[in-house]
Each structure stands twice: as structure tokens, then as C-alpha cells.
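Taking it in order: structure first as C-alpha cells, then the write-up.
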Amino acid sequence: MSHETDPNRVESEADDASRERALSEQQLVRRDKLARLQAAGNDPFAQLTWKQTHHSAGIKRDFEALENQDVSVAGRVMSFRDIGKAAFIDLQDRDGRIQVYLNAEGLGDDAYAEVKTWDVGDIVGVEGYVFRTRRGEISVHAKRMVLLTKALEPLPEKFHGLKDPELRYRRRYLDLVMNPQVMDTFRKRTAIIKAIRQYLDEREYIEVDTPILSTIASGAAARPFVTTSNALNLQLYLRIATELYLKRCVVGGMERVYDMGKNFRNEGIDIRHNPEFTMIELYQAYADYKDMMELCENMVAFAAEKATGSAKVVYQGTELDFSPPWRRVTMTDAVKEYGGIDFAGVKDDEAARELARKHGLDAELKKKLKDCTKGDILNAAFEKFAESKLIQPTFVMDYPTDISPLTKQKPGDPTMTERFEAFVFGRELANAYSELNDPIVQRERFSQQARERELGDDEAYMLDEDFIASLEVGMPPTGGMGIGVDRLIMFLTDSYSIRDVILFPTMKPNS
RNA sequence: GGGCCGUUAGCUCAGCUGGUAGAGCAGCAGACUCUUAAUCUGCGGGUCGGAGGUUCGAUCCCUCCACGGCUCACCA
């Protein structure tokens with residue numbers, strides 16, 4: 001790592017010695033064992049392949065057919081119970097663990113003595129026959145064992161495992177080795193993502209890759225990461241959404257299109273937010289937000305069944321039922337139901353501001369009250385009174401135009417849009433709308449966003465001229481939706497923190 | 001960014017009103033041919049996160065810093 005330029009230090013044998021001394025006793029023991037193996041011409045790091053005929057779960061599943069048959073397995077030594085002239089190893093592979101029984105009769109005296117010098121953590125190959133011990137444990141009786149990789153570090157404690165959250169996230173490989181639940185969560189993550197792709201691919205969506213680097217970060221309200229292109233001598237942003245590019249694809253004639261990948265938002269980090277996170281956005285021509293609602297509930301239920309076997313899951317002790325149809329409620333009705341405030345009768349912005357003062361909504365508002373519209377205040381009331389109450393999957397429909405700059409207005413009510421968000425366990429899971437395709441209105445909306453920016457909202461949408469130009473070419477009526485994939489995975493894997501569903505969450509480097 | 005909490009052996013954790021540190025697992029040596037958190041005997045292993053301060057003396061009290069966890073704010 002960083003043994004860099006200290007002019008007072010001279011690279012020498014003394015340095016090597018000091019580094020040696022920095023190693024723990026256990027590290028030295030393992031390095032000595034490695035050196036002895038290498039000196040004897042048995043370098044475990046020179047091993048190239050191992051033929052795995054079976055995995056642990058398969059042997060247990062097919063025991064009756066495999067009993068007394070030879071198998072070849074490989075994996076990491078998780079425990080070593082040496083009882084003298086025989087020993088037991090717990091071998092862990094991709095699927096779990098299988099016990100290996102070894103003695104001098106099976107391996108020969110020399111090989112048996114050799115294997116006894118191996119360590120917990122080493123990766124080994126085993127050939128032998130399948131049998132069941134007197135205690136009933138399905139095992140492999142070893143005939144031949146090869147040390148395939150030497151572990152120079154001891155593993156965490158075998159019973160308590162690796163608990164320290166910092167170590168679990170920084171050294172996820174150890175977390176995966178030690179905590180089977182972690183492997184299970186990430187296998188489910190893959191199953192969920194595959195299910196989403198399957199669901200959309202079967203419905204003739206095409207998957208595309210839109211740019212991560214661009215000169216404008218738009219399509220969402222968020223602060224972007226900034227980077228620099230040396231070749232172009234240009235400041236670039238990492239994308240905060242894929243929306244504006246996917247709509248260009250719809251303009252171009254891709255009637256059903258999606259992009260599932262990383263977005264980057266330069267915001268706070270907590271149990272629900274990682275700076276890079278996986279989002280799917282999908283767009284369907286000749287559809288509206290009601291079609292998106294059906295797509296959302298059906299696709300999520302499909303993914304839940306594929307990953308967990310059921311559309312009902314338990315999340316943090318609460319059963320969540322993703323079976324369609326999900327509850328539908330307008331934002332106005334939700335605020336009335338949970339906050340007792342009726343916005344239907346509010347005539348203008350000033351009347352809404354009066355309500356905001358009365359109900360103490362200042363904390364929820366992004367700007368000064370005098371700059372707030374009725375829509376801003378309705379949304380604030382929703383966030384304060386209703387959002388956290390929406391535990392079962394719920395579509396909240398009809399968002400104020402002021403906070404929905406890319407959304408088509410509701411017929412007959414220009415203050416509201418054809419937009420919904422799906423809430424689960426009080427958290428936003430999906431955001432969808434009938435896409436605004438009028439380029440003239442779209443330009444006005446961006447102008448309004450520019451004014452918001454001047455009022456202090458540094459997350460207001462940036463104007464993208466080429467996107468407007470694409471709308472001028474003509475985008476059919478289109479429904480679009482974004483789903484926070486990590487959040488969906490959290491619900492379906494009962495994960496408390498987003499860091500438990502991202503293999504390598506963003507961390508500060510530790511010195 | 002604010003508040004609270006944490007950082008002690010490779011890992012999981014103790015450590016009393018301040019007197020220079022313990023256990024279990026892991027390791028090393030030995031015993032044991034059906035164990036599975038194997039068991040039994042013996043032994044070694046520490047920059048107590050870092051830097052200052054108070055004190056005769058600091059793992060312990062104070063200050064600052066680093067990293068992490070929770071939480072509030074912001075956001076998805």
C-alpha cells in the first residue's frame with residue numbers, strides 16, 4: 001500500500017524485518033507453512049484447476065443415489081475437528097457445507113499427516129465416496145485431497161462469525177464466507193433483477209444502455225457528482241436519472257424500452273440511500289400512468305414470487321402483501337384521510353399558505369412559505385401526515401404540477417398531473433407518470449424549474465435543449481416508470497439497510 | 001451537517017472509584033479412529049483507533065482528530 005516516499009527511510013532488509021514483525025503470530029505461522037510447501041514443490045498457488053463433480057447441496061439432496069459413489073468437491077475449510085487417527089472437516093462451497101471424513105486408511109499415512117497441517121480458511125479439493133456417519137451426517141470419505149489455495153489470514157470466529165458492520169461492508173468477502181444469510185440475500189438480488197428483465201423482455205421491452213456521463217444531469221431532483229473529461233476538457237456529470245435519454249429512444253421509435261443500471265446522487269448516506277444505486281426506468285408508448293400502475297404491481301409481485309416463492313413477504317416483522325391489485329388513493333384524499341386536511345376546497349396559494357401555517361408544515365417545505373404554491377404545500381402535508389402511514393403497497397395518485405415538471409397534466413385540472421408514486425412501508429418504491437410530450441409546455445416547465453433554482457432549490461431540474469428538440473420531433477403518448485431496485489430488494493430480502501443489498505457500499509477509506 | 005453511541009488479541013466480547021489488560025474461539029505443542037461450537041492438558045499472542053492534556057500514574061477523566069453505527073436534517 002502506501003509505504004511511499006519518506007526521504008529519511010531507506011529500503012533495506014531492516015524494512016523487510018520490520019514488516020515481518022508487523023505480522024501477527026498466526027500470519028507468520030501460515031506463511032511458514034506456505035514456504036515449506038513451496039520448498040517441497042507443492043506450491044498451493046501453482047494449482048490451476050479442480051474438477052468439481054458435485055456441490056454440497058446436491059450431494060445432500062441426491063444422497064440415496066450417491067451413497068458409496070465417488071464424488072469430487074472443492075471449497076473452503078470452515079472447521080477442522082482432529083480426533084487423532086481421524087478428522088472431520090466442514091467444507092464450504094457455493095451452496096453450503098459438506099462434511100469430509102478423513103483418516104490414514106483413506107488417504108495413506110503421509111497424505112493424512114500432511115492434511116493435518118492445513119488450516120481453517122484454506123481452499124481444498126476432495127475426492128472420495130459419499131456416506132453417512134453414525135450420527136447421520138452426510139459426508140465425503142476422502143481418498144485424495146489437494147490444497148488448492150493457502151489462506152494466509154485466519155477466518156473470523158467460527159461461532160459468532162463476522163459481526164462488526166464496518167468490517168462486514170469493507171471486507172464483504174469475509175462477510176460472504178462467514179454469514180450464509182449474506183450469500184442468500186445476494187443470490188436473491190440476482191433472482192429479482194433477472195425476474196424484472198424476464199417480465200419486461202416477455203412483453204417486448206428492449207433493454208438499452210443510456211449514458212452515465214453527460215454534460216447535463218437532469219430527469220430528477222438531486223445534486224449530481226461532477227467529473228472531468230481530459231480528452232474533451234469538459235466538466236461532466238454522472239447521471240441522476242435515465243429519463244430524458246429513454247424518452248429520446250421512444251421518440252426514435254423504440255416503443256417499449258428500459259434501462260436498469262446505476263444512478264448517482266450526491267446526497268446524504270443512510271440506511272435507505274447509497275450514493276450509487278440501481279434504478280430501472282421503463283417507457284411504454286401508447287400507454288399512460290394507469291397502465292404503469294398495473295405493470296408495477298404485476299411486475300413486483302412476479303419478482304417477489306420468483307425470488308421468495310410468494311407475493312407475501314415479511315419485512316422487519318410486518319407482512320407485506322404485494323399481490324395485485326394494490327390500494328389506490330389520490331394525494332388529496334390521502335392528506336384528508338391521514339392529516340384531516342381537505343385541500344379539495346382550497347382555492348388559491350394564499351389559502352394553502354394559511355393551512356401550512358396552521359398545521360406547522362414549515363419543516364417539510366424546501367423554500368420560504370411565501371414562495372410556496374398550493375401544490376408545494378399539499379405535497380408537504382402528504383409527506384408529513386400520510387407517507388409514513390402507507391405500509392401495504394399503495395399507489396398515491398395525482399401529484400401537483402409544480403413538483404412534476406416532466407408530467408402531463410390531468411385533463412380538466414392543470415394544477416394536477418397524471419402521476420403516481422408507489423409507497424411500501426412508508427417509503428417510496430416507484431414513481432411513474434403519463435409523460436409530458438408537448439415540447440412547448442415542457443420548455444415552460446423547465447423555465448419554472450430555473451426559477452425554483454433561483455429561489456434556492458439547487459436540486460431543481462436542469463434544462464436539456466436536445467431533449468426538448470427530440471419532443472419537437474414528436475414523442476407518442478407514453479407512460480413511464482422508475483423503480484428503486486435496491487429498495488425493492490430490501491423488501492424482498494427483509495434487509496434493514498440498503499448496505500445489506502449492495503455488495504460494496506460506498507465507504508470512506510480508513511487509514 | 002447536528003445529536004447519541006462505539007473503536008481493547010486474527011474474530012466475538014469482558015475490563016469495578018485511575019494503579020501499564022482478561023475470557024472464549026482461532027493459533028502453537030501434546031492426547032484421542034464417528035466428530036459436528038468435538039473434548040482434555042499445557043503454552044504463546046496487545047501501539048487498548050490516533051494525537052494532545054490532567055495526574056506520581058490513563059484502556060479508564062478532558063480536548064481534538066479519524067473511521068463506523070444509530071438518529072435528525074436532506075434525498076430515492
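Only heavy atoms go into these numbers, but all of them, side chains included; no hydrogens, no water, no symmetry mates.
- The partner of B:C61, taking Watson-Crick or G-U wobble pairs whose two distances both stay under 3.5 Å, is B:G53.
- The residue A:Met178 sits apart from the nucleic acid: no heavy atom pair falls under 4.0 Å.
- Note on A:Leu155: nothing from the nucleic acid sits closer than 4.0 angstrom, heavy atoms only.
- Pair check for B:A76 finds none; no Watson-Crick or G-U wobble contact set falls under 3.5 Å.
- The side chain of A:Lys508 contributes an N or O atom lying less than 4.0 Å from OP1 or OP2 of B:C67.
- Defined by atom type and a distance below 3.5 Å, a donor-acceptor pair is present between the side-chain atoms of A:Thr373 and A:Asp402.
- Phosphate contact (OP1/OP2 of B:C74, side-chain N/O of A:Arg223, threshold under 4.0 Å): absent.
- Counting any heavy atom pair closer than 4.0 Å across all strands shown, A:Arg132 reaches no nucleic acid atom.
- Among the nucleotides B:U12, B:C11, B:G10, the one closest to the side chain of A:Asp164 is B:U12.
- Within the nucleic acid shown, A:Gly161 comes within 4.0 Å of sugar-phosphate atoms alone, with no base atom in reach, counting heavy atoms only.
- If you check every strand for non-hydrogen atoms under 4.0 Å, A:Ala220 touches nothing.
- Across all strands shown, A:Asn266 has no heavy atoms under 4.0 Å from either base or sugar-phosphate atoms.
- A:Ile83 comes within contact range of at least one nucleobase, with a heavy-atom separation under 4.0 Å.
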>> As a quick check of understanding, evaluate side-chain hydrogen bond (donor to acceptor under 3.5 Å, both in side chains) for A:Asp398 and A:Tyr289, giving each step before the final call.
In response: CA-CA 10 Å; A:Asp398 300 352; A:Tyr289 80 140; 2.8 Å; yes
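- Using a 4.0 Å heavy-atom distance criterion, A:Asp82 is classed as a base contact.
- As judged by a 4.0 angstrom heavy-atom cut-off over every strand, A:Glu428 is placed among residues touching the sugar-phosphate backbone only.
- Nearest heavy atoms, A:Leu155 versus A:Met78: CD1-SD, 3.9 Å.
- Interface remark: the A:Glu137 side chain does not form any donor-acceptor pair with the B:U35 base, using a distance-only criterion of under 3.5 Å.
- For B:U35, the base has a donor-acceptor partner in the side chain of A:Thr133 [N/O atoms by modelled type, under 3.5 angstrom].
- Less than 6.0 angstrom separates the ring centroid of A:Tyr315 from the ring centroid of A:Phe491.
- As the counterpart of B:G18, no nucleotide is assigned, since no Watson-Crick or G-U wobble pattern has both distances under 3.5 Å.
- Nucleotide B:C70 forms a pair with B:G3, judged by Watson-Crick or G-U wobble geometry with both contacts under 3.5 Å.
- For the residue pair A:Thr407/A:Arg419, the side-chain donor-acceptor check at 3.5 Å is not satisfied.
- Between A:Arg135 and B:U35 there is a side-chain N or O to OP1 or OP2 distance below 4.0 Å.
- The side chain of A:Val120 has B:G27 as its nearest neighbour among B:G27, B:C13, B:C32.
- In terms of polar N and O atoms assigned as donor or acceptor, the side chain of A:Tyr101 comes within less than 3.5 Å of the base of B:U33 in a complementary pairing.
- Nucleic acid contact for A:Glu459: sugar-phosphate only, since backbone atoms but no base atoms lie under 4.0 Å from a heavy atom of the residue.
- Across B:C34, B:A37, B:C70, the shortest atom-to-atom separation from the side chain of A:Phe159 is found for B:A37.
- Taking 4.0 angstrom as the limit, A:Tyr496 places a side-chain polar atom (N or O) nearer than this to OP1 or OP2 of B:U71.
- Using a 4.0 Å heavy-atom criterion, one finds that A:Ile271 contacts the sugar-phosphate atoms exclusively.
- At a cut-off of 3.5 angstrom, the base of B:A26 holds at least one donor-acceptor pair with the side chain of A:Gln26.
- B:A29: Watson-Crick or G-U partner is B:U41, with both key distances under 3.5 Å.
- Contact annotation: A:Lys33 reaches the phosphate of B:C28 (side-chain N/O to OP1 or OP2, under 4.0 Å).
- Put simply, the side chain of A:Glu25 and the base of B:G44 share a donor and an acceptor less than 3.5 Å apart.
- Among the heavy atoms of the strands lying under 4.0 Å from A:Asp270 is at least one base atom, whether or not backbone atoms are also near.
- Taking the six-membered ring for Trp and the full ring otherwise, A:Phe423 and A:Phe382 have centroids separated by under 6.0 Å.
- Counting only distance, with no hydrogens or angles, the side chain of A:Asn298 and the backbone of A:Glu294 share a donor-acceptor pair below 3.5 Å.
- Of all nucleotides present, only B:C11 satisfies the Watson-Crick or G-U wobble test against B:G24, with each distance under 3.5 Å.
- A side-chain donor-acceptor contact under 3.5 Å links A:Gln284 and A:Tyr205.
- OP1 or OP2 of B:G69 has at least one side-chain nitrogen or oxygen of A:Arg499 nearer than 4.0 Å.
- Using a 4.0 Å heavy-atom cutoff across all strands shown, A:Gly484 reaches no nucleic acid atom at all.
- Within the nucleic acid shown, A:Arg427 has no heavy atom closer than 4.0 Å to any nucleic acid atom.
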